[in-house]
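The structure appears right after this line, and notes come after that.
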Amino acid sequence: MSRNWYYRLLFSYFPIFFLTVTILIFIAFVFINDISKEETKKADRISSSYMIDTVDRTIRDIELSILETVQSQQAYKLYFNNTNLTSSDTVYAIAQNLRELSNSSSWIQSIYLYDKRNKHVLTVSGSREVEGFSDKAWIDQMGTGSIGSGWQPVREFDADSVQRTPIRVLTVNKDMPLPFGSQGTLVINIKMSSIEQSVDSMVNGQLSFLTITDRDGKVVYNAHSDQEGSIDGQELNRLALERLGWTISSGIKAGNLFGWVSVISYVWVIIAIVTVICAIVYIVYITRRNYKPIQIIMNRIESHQIRAFEHSGARTDEMKMIDGVLENLINHMMDYDKKSRENVLMQRSKLFNALLHGEHMENAAEQLKELSPLNDVHDSSRFVVVVGEINRYEKGFQERYTRGEQNTLKFALMNVLQELSRNTGVQCWTEWISVDRIAILFVFKEQNDNNLDMSGQIRVVAEECKSWVEQNLRISLSFGIGPIAQGIGTIRDSYAAAEAVMQRKLLMTGDVGQADCGETQHPLLDTYTYLQMIADFVKRFRMSSGQWREQLEEIFTAFEQNKLPDDEIRSLIQAMLQMLSREVAMMSEGLQEELSEENINRWLSAVEEAETLADVKSLLFDGLTDLFRTYVAVTETKSYKAMVNEMKNYIEEQFANPDLSLKHLSDRFQITGKHASYLFKTEFNMKFVDFVTELRMKETEQLLLNTDYSLQDIALKVGYANGITLGRVFKRVTGITPGDYRRLKREHREPEE
């Protein structure tokens, strides 16, 4: 067979494929470049952030160290608080300290004090008049109030030295005496040259630039004094130094490889876009050109002009082969659709479910004769519906067999039922109505015996089927037999009764149950009545009354008399266990463990696996009897009143113990902390914490009134770790602080004496 069409398609798309892949490779390099750009930006941001942190930390440390020294030195307080002329010793001590502070850091240019009252300036050289001081202009600005708080913008400072060139400094003013005095000012000047040297040491002048601007946007400093680099370069990051009000702009200088690669990146992006557009145009053109043979085939399919596939003769290319395959495929699809519409099994299954639910009953007799395997069926025929269920389907059937084995066993089960029915002379029709349930429709002829004989025959078939399947297929089955239905229209009543029997498997005697005549689905559950019975049971159990057994017996008797479905019985048992847990579990840790959620779920799992109501009752009686013994042992260990009174006396004796807590009581009285809290709340109508706090506050009032102990000593005597905690609690309880309480009480007592 020639492969001309294959090569045409291959060589049509290969050039554009090669070109597109090549462009995509270059695009990958562009993306890598973008990633490199982002990493460069990140590295620049980290470097700038480190520089900002270094400058900010250094200035902050200088400021804090100076303020701490000034705050701790008594001479500064004497200098500003002395109304008379300050002694020379004080002036000398301050000047000496200012000299030491100035020499402590190379960043400090100068430090001086300004005394507003005496119009004096105190520097490292001593005290002098403001007039003639080199920084008098700055002092005048402070006097007019034109200078705000915090660090000020860069200014020029005349150092009053031999070299008359002003020095650029950063200045901060602090009112004296600290922290908010008004008698004078402490002025700290930081050299801008030191900051500039630090910045230059952390910036690579060959590759990067860094510009510092103030709040007004004026340039404070360019790293390495490179103003052209900051103008021509590409800015990458802009960060703020809040303390000084500076904005730091950093980036890459122009002319580096970074800028060139960025330009190349945009060029390749444009080339990639143009290439993709060209590829789309080329593909559309080639596709339209090569689509013509396929279009011819589609036209033939749409017009149904199908001819027989010719087996003889060589094929020139693939398209003729496709033409023949399409013709065969269309023929097969038409045959399949025709057979699907005539599928008897599907229609039979739909008819079976319609009969069970009483739906679409028009011409049911004719449909039964046409589709069902039953013979001689008419409107007056008598029917019986039996519902079978695989016991423990998930654990005993699905886990044991594979999907294929399950289907095989279900098919075998249907055949067994039909064969056993045929042996008794009864016709039957079987269909699976769910994954674990099968429905069997039995039909009897008019000449059959009475209804009792018919029901007996059905029960025999069910018993034999159950026995044979258990012996040969190792599958456990249960059957619910509905009453005899007179006529096709009453089949649904028999099915509903059989379903009701299967919902009450716990009440069945054996695995085959038979519904009474007229039995249907169970009415709605009278929840309140059963919950009231359960509440009475829990109450008797909690009161340690042996009558709980009689009450539980009455509950199960009601289950049996009212024929409750299995799901409702299990739900009520679950509610009973949960209610019992809420009422009893708090008595001790042992009861909490026995009535934990895990153990309750274990009980419910056992109830789920029980096959009869008697098994469920036996299971509950055994478990509750053991639980009752534990409960009685807990309640008899120590009486309720005696335990509460002993706890109260113990708390009144030990309230000053800082370790007194619910956990402490739990260990002391061998009960859970939750139960201890519950008993305390029930007996005294107040929380344990409030009771202890009340005792401690009464003792605190007595100690405040009758002793001179400090608040810390009183706190230790009443059970608190420190006086701060005691003061906070005392004020919350009494509304005033301990000190005010002591003063007020003693003031009222003195006049009386």
Side-chain angles (χ1 to χ4, degrees), residues 538-539 542-543 578-597 630-631 633-746:
V538 173
K539 180 179 179 181
R542 183 169 54 83
M543 298 301 294
Q578 291 175 348
M579 190 180 301
L580 187 64
S581 175
R582 288 194 299 269
E583 294 292 331
V584 174
M586 68 178 64
M587 292 294 293
S588 70
E589 295 181 356
L591 289 172
Q592 284 184 356
E593 182 178 356
E594 290 191 32
L595 288 173
S596 64
E597 184 178 357
T630 304
Y631 176 71
V634 171
T635 55
E636 289 180 353
T637 300
K638 188 174 291 185
S639 65
Y640 169 79
K641 289 290 185 181
M643 179 181 293
V644 173
N645 290 329
E646 187 176 347
M647 286 172 55
K648 179 176 178 294
N649 295 334
Y650 183 78
I651 294 171
E652 290 175 346
E653 294 175 358
Q654 299 292 327
F655 72 89
N657 183 0
D659 296 328
L660 185 62
S661 63
L662 284 175
K663 177 66 170 58
H664 184 83
L665 289 180
S666 174
D667 297 338
R668 173 68 174 79
F669 293 95
Q670 298 300 313
I671 59 174
T672 64
K674 183 177 180 181
H675 185 52
S677 177
Y678 171 77
L679 293 178
F680 209 88
K681 178 69 174 178
T682 303
E683 184 67 19
F684 301 107
N685 197 25
M686 65 188 306
K687 295 181 179 179
F688 163 77
V689 176
D690 296 337
F691 184 74
V692 175
T693 302
E694 182 179 340
L695 292 175
R696 289 176 174 175
M697 292 302 103
K698 289 181 179 179
E699 182 66 16
T700 300
E701 291 176 358
Q702 294 298 321
L703 292 175
L704 288 172
L705 187 61
N706 300 323
T707 69
D708 292 328
Y709 291 151
S710 65
L711 188 60
Q712 178 65 28
D713 294 337
I714 294 176
L716 295 176
K717 289 181 177 295
V718 298
Y720 289 102
N722 52 69
I724 296 176
T725 303
L726 173 61
R728 184 169 60 250
V729 177
F730 189 89
K731 185 176 182 181
R732 175 171 57 81
V733 174
T734 63
I736 60 175
T737 63
D740 293 340
Y741 178 85
R742 172 179 278 173
R743 185 178 65 256
L744 290 174
K745 290 294 183 180
R746 291 187 175 181

Sub-4.5 Å side-chain heavy-atom contact between Tyr709 and Leu716: no
Parallel, tilted or perpendicular, as decided by the 30° and 60° cut-offs, for the rings of Tyr741 and Phe730: perpendicular
For the student: nearest non-hydrogen atoms of Leu595 and Leu580, plus distance: CD1-O, 4.0 Å
Atom pair CG (Leu711) and CG (Leu703), whose distance is rounded to the nearest 0.5 Å: 11.0 Å
Taking every non-hydrogen atom, the tightest pair across Asp740 and Thr737: OD2-OG1, 3.0 Å
Min side-chain heavy-atom separation Met697-Leu726 under 4.5 Å: yes
Option passing side chain to side chain contact (heavy atoms under 4.5 Å, CB included) with Leu704 (candidates Arg742, Arg746, Arg743, Lys745): Arg742
Spacing of Lys648 atom NZ and Leu695 atom CG [to the nearest 0.5 Å]: 8.0 Å
side-chain contact (heavy atoms from CB on, under 4.5 Å) between Glu694 and Met686, intermediate numbers included: CA-CA 11 Å; Glu694 182 179 340; Met686 65 188 306; 3.5 Å; yes
Step-by-step side-chain contact (heavy atoms from CB on, under 4.5 Å) determination, His664 to Tyr650: CA-CA 11 Å; His664 184 83; Tyr650 183 78; 2.8 Å; yes
Inter-residue atom distance Ile714.CD1 - Asp708.CG, 0.5 Å rounding: 9.0 Å
Worked verdict on Phe688 versus Leu665 for side-chain contact (heavy atoms from CB on, under 4.5 Å): CA-CA 10 Å; Phe688 163 77; Leu665 289 180; 3.4 Å; yes
Ile724, CD1: over 12 other non-hydrogen atoms inside 6.0 angstrom: no
Closest non-hydrogen atom pair between Arg696 and Phe655, with its separation: NE-O, 2.7 Å
More than 12 heavy atoms of other groups within 6.0 Å of Gln578 CD: yes
Considering all heavy atoms, the nearest Thr734-Glu701 contact: CG2-OE2, 3.9 Å
Nearest heavy-atom neighbours spanning Gln712 and Gly723: OE1-N, 2.9 Å
